[in-house]
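The block underneath contains the structure these notes are about, expressed in structure tokens.
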Amino acid sequence: MPVVYAFRLRDPWQCEPDPEGVRWLRLFRTPPNLEPGESLQLAVVGLPPEARVAVNDVPLVRTAGENGAATFAIPAAPADRSNRIAVVLPATAADGSRLPFSVELQIVTTA
């Protein structure tokens, strides 16, 4: 799917312990100008294969993206409130001291 626009999701990310390792959390708002035939996806660079990603507590399915990024289609997210990304990394993949991956919120065409 062609990317129409991308937003780099930098700080503020929060890190907290998770039974499987560490959980990185960040809030985002759905862009208000989505056109018919456009949807959202996350592109994550530097994500270990065993990592889990969810938006609003809904697990996302990983697909191969461009430039070594893992992509995740985001189901319809309400534009009128904050949405939460959660990335769980196993303890062997990160120590929680700094964000070990980069994330873009992308608007893509679906038509």
Side-chain angles (χ1 to χ4, degrees):
M1 290 183 272
V3 175
V4 175
Y5 196 82
F7 305 88
R8 180 110 187 253
L9 298 179
R10 297 183 179 164
D11 284 334
W13 283 87
Q14 297 175 10
C15 186
E16 61 185 34
D18 183 86
E20 297 178 29
V22 294
R23 178 184 311 264
W24 289 91
L25 303 166
R26 190 183 190 289
L27 297 177
F28 74 96
R29 284 195 157 308
T30 301
N33 55 344
L34 287 179
E35 300 289 334
E38 294 179 341
S39 63
L40 296 176
Q41 73 179 16
L42 291 176
V44 187
V45 175
L47 194 65
E50 62 275 12
R52 293 184 296 114
V53 178
V55 170
N56 299 333
D57 298 321
V58 176
L60 302 181
V61 176
R62 179 184 195 135
T63 59
E66 296 177 14
N67 303 322
T71 57
F72 301 86
I74 299 176
D80 61 344
R81 69 175 180 91
S82 290
N83 300 285
R84 186 177 82 155
I85 300 168
V87 179
V88 177
L89 300 176
T92 57
D95 62 8
S97 63
R98 68 175 190 85
L99 191 66
F101 49 83
S102 63
V103 180
E104 281 186 349
L105 177 65
Q106 299 177 337
I107 299 174
V108 296
T109 57
T110 56

* To do: Please step through side-chain contact (heavy atoms from CB on, under 4.5 Å) for the pair L42 and V55, ending with a clear verdict.
  => CA-CA 10 Å; L42 291 176; V55 170; 4.2 Å; yes
* To do: Calculate, to the nearest 0.5 Å, the distance between atoms CZ and CD1 belonging to F72 and I85 respectively.
  => 10.5 Å
* Asked: Is any side-chain heavy atom of Y5 closer than 4.5 Å to a side-chain heavy atom of P31?
  -> no
* To do: Return yes if some donor-acceptor pair links the side-chain N/O of R26 with the main-chain N/O of V87 below 3.5 Å, else return no.
  => no
* To do: Please tell me if the side chains of R62 and V53 come closer than 4.5 Å, counting only heavy atoms from C-beta onward.
  => no
* To do: Check L40, T30, N56 against I74 for a side chain to side chain contact (heavy atoms under 4.5 Å, CB included) and give me the one that passes.
  => L40
Cut-off 3.5 Å, no hydrogens considered: what does the side-chain donor-acceptor table look like for residues 99-107, sequence neighbours left out?
{"from": "E104", "atom 1": "OE1", "to": "Q106", "atom 2": "NE2", "distance (Å)": "2.9"}
{"from": "Q106", "atom 1": "OE1", "to": "Q41", "atom 2": "NE2", "distance (Å)": "2.6"}

* Measure across A70 and L47 and return the closest heavy-atom pair with its distance rounded to 0.1 Å. => CB-CD2, 4.5 Å
* To do: Is it possible for you to say whether V88 and L27 belong to one hydrophobic cluster, with membership spreading through side-chain heavy-atom contacts below 4.5 Å?
  => no
* **Non-hydrogen atoms of L60 and A73 that approach each other most closely** => CD2-O, 3.4 Å
